Amino acid sequence: MRRCLELVTAFLLLAACSSGSSTVKTAPTVATTTVPVASGPDVGHVFVINLENKNYATTWGKKSVAKYLNGTLVPMGQLLTQYYGTSHASLGNYITQISGRPSNAATNGDCTTFTEYRNGEGCVYPASVKTIADQLDGAGRSWKSYQEDTTTPCRHPKIGDGDATLVARKGDMYATRHNPFVYFHSIIDTPKCKTNVVDLNALDADMAAAERTPSLVYITPNLCHDGHDTPCVDGQPGGLVSADKFLSTWVPKILASPAYKADGLLVITLDESDNDASSCCGQKKGAGGGRVGALLLSPHVGAGTTNETPYNHYSLLCSIEDVFGLPHLARADARGLKCFGDDVFS
């Protein structure tokens, strides 16, 4: 009996030592260094909506024309007052959000030509460069990118061609540069791209049941409804007026969905701040995308609260990875970068 007790005690001590480790080496192709233990509340579905090109005061200030966003949604969630974009112009921010990769000269120029990424420059990353989509696939979880007006699944120019979506067209205000998933060969060279990078009109059906709703729901409005154009080619006012109307249509649907009610987190933010290159979180001064702010809504987030902790798009990625217990990709694993924690989740 004594011998049995000794063996049991030894086993428990070994298990305790093993469980205390939160660092696991990963395959080089994933470009990560650590595997975090899932932190925060039991979030099972993350919804992300990106708006465009507005500074913090314009979007969230007292004079903001986004009345639904500020009057209805802000009192329901937590406003991150020191949340920053990571580069200029748009594309680099979107790529950062899903891969942790910094911008380069081509992405800073919104990749007017759909070129291959080589030697630190270019647009379309090789298959060895992974994204949150690859991570979720590997973990047996689901994801989808819902792009308003894309119409054709996995829509992007051919390698070497110019991007015809840089300017809005009547009836087609989709922008490739606001759809980061099509800039990675690990996605566009697989059947997943056509099934997972789809038009926004597919979201209603996918939200009808929690089991049909992807773990990550990434939503990009068109060039009018994201606030980019003012006015819009179809006569809509554009700017935050049209963005606010878009939110007033889609956010109630998200909040009413079974997936959100069960274990949801909704993030509403902007890609970059106009005329502002300020930064936070270890980025070089003057190299960021400016202060844009972000709003978090969830049953696990205190309503009507504000948070002055510095965050940026790298922080958003590592926070999503933490929710699902995934490794931190590229600069989302930077030393000192803060991910959402007890200051966000109540």
Side-chain angles (χ1 to χ4, degrees), residues 48-66 69 79-113 115 117 120-123 125 163 166-167 175-180 183 220-221 223 226-230 238-240 243 267-296 306-319 329-340:
V48 178
I49 300 176
N50 279 290
L51 305 179
E52 278 278 317
N53 296 13
K54 302 291 182 292
N55 62 41
Y56 181 88
T58 300
T59 305
W60 312 100
K62 293 181 179 179
K63 295 182 179 180
S64 174
V65 297
L69 176 61
L79 180 61
L80 305 184
T81 62
Q82 299 298 318
Y83 186 101
Y84 288 75
T86 47
S87 63
H88 292 296
S90 294
L91 179 57
N93 294 281
Y94 288 90
I95 285 177
T96 290
Q97 282 187 358
I98 71 165
S99 72
R101 291 277 168 166
S103 63
N104 62 67
T107 57
N108 278 342
D110 278 342
C111 285
T112 56
T113 302
T115 59
Y117 176 92
E121 294 293 337
C123 306
Y125 288 82
D163 184 359
L166 294 171
V167 178
T176 308
R177 66 190 185 278
H178 298 167
N179 181 9
Y183 290 86
T220 305
L223 284 167
D226 64 8
H228 185 280
D229 291 359
T230 310
L240 283 176
V267 182
I268 301 172
T269 189
L270 299 93
D271 66 330
E272 58 174 324
S273 173
D274 48 357
N275 302 317
D276 180 2
S278 59
S279 61
C280 79
C281 317
Q283 273 197 283
K284 184 179 179 181
K285 186 176 181 180
R291 182 180 174 219
V292 294
L295 179 65
L296 310 181
T306 58
N307 187 338
E308 296 181 357
T309 304
Y311 289 116
N312 62 11
H313 293 324
Y314 294 113
S315 304
L316 176 59
L317 175 58
C318 75
S319 300
L329 289 167
R331 292 194 182 180
D333 196 47
R335 179 176 296 182
L337 181 72
K338 186 169 176 57
C339 314
F340 302 161

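No hydrogens, no waters, no symmetry mates; every other heavy atom, side chains included, goes into these values. Computed from a prediction, not measured in an experiment: that's the story for all the values here.
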Can you tell me if [X] and [Y] form a side-chain donor-acceptor pair at under 3.5 Å?
X    : Y    : value
N50  : Q97  : yes
E52  : S90  : yes
S103 : N108 : yes
H178 : D226 : yes
N93  : T96  : no

Which value, rounded to the nearest 0.5 Å, describes the distance between [X] atom [atom1] and [Y] atom [atom2]?
X    : Y    : atom1 : atom2 : result
L166 : T112 : CG    : OG1   : 6.5 Å
K338 : S319 : NZ    : OG    : 9.0 Å
T306 : L295 : OG1   : CG    : 11.5 Å
Q82  : T309 : CD    : OG1   : 9.0 Å
C280 : K285 : SG    : NZ    : 14.0 Å
N53  : H228 : CG    : NE2   : 5.0 Å

Flag side-chain contact, heavy atom, 4.5 Å: [X] against [Y]:
X    : Y    : value
Q283 : N312 : yes
L296 : V267 : yes
L80  : W60  : no
D271 : Y94  : yes
I95  : Y125 : yes
P310 : C281 : yes
T81  : N307 : no
T220 : N179 : no

Shortest non-hydrogen contact from [X] to [Y]?
X    : Y    : result
S279 : G286 : OG-N, 4.1 Å
L51  : P221 : CD2-CG, 4.4 Å
L337 : S315 : CD1-OG, 3.4 Å
H88  : S273 : CE1-O, 2.9 Å
T59  : L240 : CA-CD1, 3.7 Å
L317 : G100 : CD2-N, 3.2 Å

Before you tell me yes or no, could you show the steps for Y314 and T86 under side chain to side chain contact (heavy atoms under 4.5 Å, CB included), namely the whole-Å CA-CA distance, both residues' side-chain angles and the distance that decides it to 0.1 Å? CA-CA 8 Å; Y314 294 113; T86 47; 3.6 Å; yes
Set out, in order, the CA-CA distance, both residues' side-chain angles and the distance that settles side chain to side chain contact (heavy atoms under 4.5 Å, CB included) for D276 and R291, then state yes or no. CA-CA 7 Å; D276 180 2; R291 182 180 174 219; 4.2 Å; yes
[X] side chain to [Y] main-chain N or O, any donor-acceptor pair under 3.5 Å?
X   : Y    : result
K54 : D274 : no
S99 : R101 : yes
S64 : G61  : no

Tested for ring pair (Phe, Tyr, Trp, His ring centres under 6.0 Å) against Y311, the lone hit among Y83, F340, Y84 is F340
What's the verdict on side-chain hydrogen bond (donor to acceptor under 3.5 Å, both in side chains) for T58 and N55, showing C-alpha distance, side-chain angles and the deciding distance? CA-CA 5 Å; T58 300; N55 62 41; 2.7 Å; yes
Under 6.0 Å between ring centres: does that hold for Y183 and Y117? no
